[in-house]
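Okay, structure first, notes after.
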Amino acid sequence: MELSQVSLICKSLSDPNRLQIVQLLTSGEKCGCELLEQLQIGQPTLSHHMKVLCECGLISTRKEAKWSHYSLNCDQWTTFRDYIESIRCTCSTDNKEKVGCCCT
């Protein structure tokens, strides 16, 4: 995963409403109207948040008549998770006295 994509995803997840949307979608696909029922935001605000989440690839959208249905994009989430999990603190015990070492 390119760092620019990681940065875009991290920015998109920096909003509490978007984190709540992601959490709601972990139980499966939801219509925009279902999301609105559970969130304390208006339809234009939901549209903005969904646009941000879709643009970074975390959320997929499916149109059915006039309704939009949203779901997690598992491929993108897996790639992002794998990147995050690859970040390791590898300080040795000999380096504990270094300023800024994560092992102190």
Side-chain angles (χ1 to χ4, degrees):
M1 179 169 263
E2 293 184 22
L3 291 180
S4 60
Q5 185 66 22
V6 172
S7 176
L8 188 61
I9 290 172
C10 289
K11 287 177 187 177
S12 74
L13 294 175
S14 68
D15 183 276
N17 287 312
R18 291 193 284 267
L19 285 172
Q20 188 176 7
I21 290 166
V22 167
Q23 189 173 20
L24 291 169
L25 293 176
T26 60
S27 63
E29 182 182 81
K30 298 222 181 318
C31 177
C33 58
E34 292 176 276
L35 294 171
L36 282 172
E37 289 174 3
Q38 298 182 44
L39 300 167
Q40 301 300 315
I41 59 176
Q43 193 280 324
T45 303
L46 176 64
S47 292
H48 168 73
H49 289 311
M50 298 317 292
K51 180 180 181 218
V52 170
L53 290 167
C54 288
E55 284 179 348
C56 73
L58 292 177
I59 302 295
S60 298
T61 184
R62 178 179 65 81
K63 296 274 188 184
E64 188 174 297
K66 67 177 186 171
W67 303 107
S68 293
H69 298 266
Y70 301 98
S71 60
L72 298 179
N73 178 343
C74 292
D75 291 338
Q76 185 76 328
W77 278 101
T78 300
T79 303
F80 178 65
R81 184 197 65 218
D82 291 348
Y83 174 81
I84 295 299
E85 287 178 349
S86 75
I87 299 171
R88 300 277 188 256
C89 176
T90 58
C91 297
S92 69
T93 55
D94 294 339
N95 292 332
K96 278 188 176 181
E97 294 181 21
K98 286 185 179 181
V99 175
C101 179
C102 56
C103 295
T104 59

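No experiment lies behind these values; they were computed from the predicted model shown.
Residues passing the side-chain hydrogen bond (donor to acceptor under 3.5 Å, both in side chains) test with K63, sequence neighbours excluded: S68. Taking the side-chain hydrogen bond (donor to acceptor under 3.5 Å, both in side chains) definition, one finds that Q43 meets it with S47, sequence neighbours left out. Under the side-chain hydrogen bond (donor to acceptor under 3.5 Å, both in side chains) criterion, E29 pairs with R62, sequence neighbours left out. For S86, there are no side-chain hydrogen bond (donor to acceptor under 3.5 Å, both in side chains) partners two or more places apart in sequence or in a different chain. R88 pairs by the salt bridge (charged side-chain N to carboxylate O under 4.0 Å, His left out) definition with nothing, not counting sequence neighbours.
Note: L53 CG to Q76 CD = 11.5 Å, rounded to the nearest 0.5 Å. Here H69 contributes atom NE2 and C33 contributes atom SG; the two are 7.5 Å apart, rounded to the nearest 0.5 Å. Rounded to the nearest 0.5 Å, atoms CG (L36) and CG (L46) are 4.5 Å apart. Interatomic distance, T61 OG1 to N73 CG, rounded to the nearest 0.5 Å: 12.0 Å. In this structure, T78 OG1 and M1 CE are separated by 10.0 Å, a value rounded to the nearest 0.5 Å.
In terms of hydrophobic clustering, with Ile, Leu, Val, Met, Phe, Trp and Tyr side chains grouped at heavy-atom distances under 4.5 Å, L19 and L72 are assigned to a common cluster. No single ILVMFWY cluster, assembled from side-chain heavy atoms under 4.5 Å apart, contains both L24 and V52.
Pairs engaging residues 34-54 under the salt bridge (Lys or Arg N to Asp or Glu O under 4.0 Å) rule: K51-E55 [sequence neighbours left out]. Counting only residues at least two apart or in different chains, side-chain hydrogen bond (donor to acceptor under 3.5 Å, both in side chains) contacts with residues 14-24 comprise R18-H49. The stretch residues 74-86 participates, sequence neighbours left out, in these salt bridge (Lys or Arg N to Asp or Glu O under 4.0 Å) pairs: R81-E85.
Side chain of W77 to main chain of L58: a donor-acceptor pair is present (N/O by atom type, distance under 3.5 Å, no hydrogens or angles).
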Practice task
List the steps and the verdict of side-chain contact (heavy atoms from CB on, under 4.5 Å) for L35 and I41.
Solution key: CA-CA 10 Å; L35 294 171; I41 59 176; over 6 Å; no
For residues 2-12, run the donor-acceptor check on the side chains, cut-off 3.5 Å, and write out each pair with its distance to 0.1 Å, sequence neighbours left out.
unit_1: Q5; atom_1: NE2; unit_2: C56; atom_2: O; d: 2.6
unit_1: S12; atom_1: OG; unit_2: I9; atom_2: O; d: 2.7

